[in-house]
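Throughout, numbering of the chain's residues begins at 1 and tracks the sequence. As the structure lists them, so they are numbered: ligands from 1, and atoms in each ligand from 1.
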Amino acid sequence: MFKLNIFNFARFLSLIFLLNFVCLPVKSSSALAAWSLKSNGVLELRTRKNSKLKAYYQKANQLYGDRFWIDFNGELQNPRIIKGNGPVKEIRLGKPFNGMTRLVIEFGPQKSINPYQLKLIAVDENKWKIKLTTFPINSFKTIKEGSVSKAPPSSMKRREYGSLRDIKSRIEDLPNIRRNKYSVVIDPGHGGYDSGAVGIDGLKEADVVLEVSRIVTKLLLEKGVNVKMTRNKEIDLDLSPRVALANKLNSDIFVSIHANASRGKKRYINGIETFYYSGWRGKLLAEKIQKEILKVSPGSPDRGVRRGRYFVIKKTNMPAVLTEIGFITGRLDARRLEKKIHRRRVAFAIAKGILEYLKRIG
Ligand SMILES: [Zn+2]
């Protein structure tokens, strides 16, 4: 039935924004909770958190009109076809493979969509949006199932976000290392006059990273690591004293914590990235930290671990990394970074990455 034209398939697959999430067990029920195709041509989705979505497009052929579909984890209970109206022929919910759910929107012969403009945006941890097309005014009546705006039940919310107490109680979940053996310098980026990047609703990089750094420090201290922060206040601190502190202490590692901003403050740009300057140790540390931050930032793209020539990681004598914990100019990341609880989760992730690294290096 889905005899895909391989050329189109591969071509459009790479064009469409693919968001890779933590996979759910195959046996679980459908991750798609609600959907709505609005009269303005926007498809909105509500899914389970940590869902994995893949979007596809195929141009019309003799059998079908233009089709756009999204695959979700989890098996659909009752496959169904919903009759469309106006330029939309029909909407199908199916189960292409065991353990999957597929939402297909098929357009009528008079409507073609431009795949180059399709962009699936994660609006929140469980909400998605994609502008499929522009319908002529009054030509299409919204079709939906369920409520795309419904908030997750509060019990679920609590479990997802956790409280500070939860995080403290989870200190036991962090890897154990030899106490009093290691020393770490944590460097909260910017500070004072230098607020760093300024994001949505005036969110300041310097404030966000200071709070995260303080929690990382607390967690590491609890685990018996000797930790020094380059700044523990909102002060303006040049780059060289940061490096000098780490070199003087001869710490085992140096971790600089930053938040990103995109040029032109593009709200659709989100993601996590971690830089190291050289050596396998620096790379390993960057990888451990990157992996853990991604785990607590579902939907935020993995921009990878890369070499970077930033002053603080270049001039320090020990394995050193600079991590960007999200875009304060990005809709998805900023919404999280403004929340204390997310800052705690990121701090927990960074501490975990550091401890795993120390444990491995021994
Ligand atoms: Zn920065």
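The ring pair (Phe, Tyr, Trp, His ring centres under 6.0 Å) pairs that include a residue from residues 313-339 number zero, where partners must be two or more places apart or lie in different chains. Sorted by first and then second residue, the ring pair (Phe, Tyr, Trp, His ring centres under 6.0 Å) pairs with a member in residues 216-259 read H190-H258; sequence neighbours excluded.
A donor-acceptor contact closer than 3.5 angstrom links the side chains of D187 and T230.
A continuous path of hydrophobic side-chain contacts links V243 to L322 [ILVMFWY only; heavy atoms under 4.5 Å].
Taking a cutoff of 4.0 Å between a charged side-chain nitrogen and a carboxylate oxygen, R92 and E90 qualify as a salt bridge.
Take a cut-off of 2.8 Å around the Zn ion (ligand 1): the protein N, O or S atoms inside it are H190 NE2, E205 OE2, H258 ND1.
Under the ring-ring contact (aromatic ring centres under 6.0 Å, His included) criterion, Y310 pairs with F275, sequence neighbours left out.
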